[in-house]
Amino acid sequence: MTVESYLEFDTCFHLEYSSSITSFIAQPEGFIYHLDDRDLPYTPDFQIIENDTAKWIEVKPFAKTLNPDFLQRFKAKQEKAQKLVLSHLGIGM
């Protein structure tokens, strides 16, 4: 499995031994999200299957998550991910 940081490497152990996670993939296929009138590419750090539900995980040091630019981009990525999950479930938004 290829990961991009020690923090992601450590996350693999948590995911491997979590009883609620049945599988996970590092650097899964990404998607395009929209921000500031632009379409931008995004590849999550992990895709997991937890309790029969696909989810994406981003692993970052806490200090980075306080950056306003990171927060703005992350919110846009979360909104797109939610739409993808609902679309996969056949629920329109």
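The shown structure was predicted, so the numbers you read here are calculated from the model rather than taken from an experiment. Heads up: numbering here begins at 1 and tracks the sequence.
The two residues Asn67 and Asp69 have their closest heavy-atom pair at OD1-N, 2.7 Å. The minimum heavy-atom distance between Ala26 and Thr2, with the atom names listed, is CB-O, 3.5 Å. The minimum heavy-atom distance linking Gly30 with Pro44 is given by the pair CA-CD, 4.0 Å. Residue Ala76 comes nearest to Tyr33 through the heavy atom pair CB-CD1, 3.7 Å, listed as atom of the first residue, atom of the second, then distance.
If you take NZ on Lys64 and CD on Glu58, they are separated by 8.0 Å, rounding to the nearest 0.5 Å. A distance of 5.5 Å separates CD in Gln27 from CG in Asp45, rounded to the nearest 0.5 Å. In this structure, CD1 on Ile21 lies 10.0 Å from CD1 on Ile49, to the nearest 0.5 angstrom. The structure places CG of Leu35 at 13.0 Å from NZ of Lys80, a figure rounded to the nearest 0.5 Å. Rounding to the nearest 0.5 Å gives a distance of 11.0 Å between CG of Leu15 and CZ of Phe13. Atom NE2 in His34 sits 15.0 Å away from atom NZ in Lys77 (nearest 0.5 Å).
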Given Lys75 and Glu79, is the salt bridge (charged side-chain N to carboxylate O under 4.0 Å, His left out) satisfied, shown in steps? CA-CA 6 Å; Lys75 183 176 182 339; Glu79 290 170 357; 2.7 Å; yes
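By the rule that hydrophobic residues join a cluster once side-chain heavy atoms approach within less than 4.5 Å of another member, Ile57 and Leu71 end up as members of separate clusters. Follow the hydrophobic side-chain contacts under 4.5 Å out from Tyr17 and you reach Val59 in the same cluster. A chain of hydrophobic side-chain contacts below 4.5 Å, direct or via other Ile, Leu, Val, Met, Phe, Trp or Tyr residues, connects Leu84 to Leu40. Linking ILVMFWY side-chain heavy atoms closer than 4.5 Å, directly or via other members, places Ile25 and Phe46 in two distinct hydrophobic clusters. Residues Ile48 and Phe74 fall into different hydrophobic clusters, defined by Ile, Leu, Val, Met, Phe, Trp and Tyr side chains chained together at heavy-atom separations under 4.5 Å.
Among Glu16, Gln47, His14, the single residue meeting the side-chain contact (heavy atoms from CB on, under 4.5 Å) criterion with Phe24 is Glu16.
Aromatic pair Trp56/Phe31: ring centres closer than 6.0 Å.
Under the 3.5 Å distance criterion, with hydrogens and angles disregarded, a donor-acceptor pair is assigned to the side chains of Glu50 and Ser20.
Within a 6.0 Å radius of CZ in Phe9, no more than 12 heavy atoms belonging to other residues, nucleotides or ligands are found.
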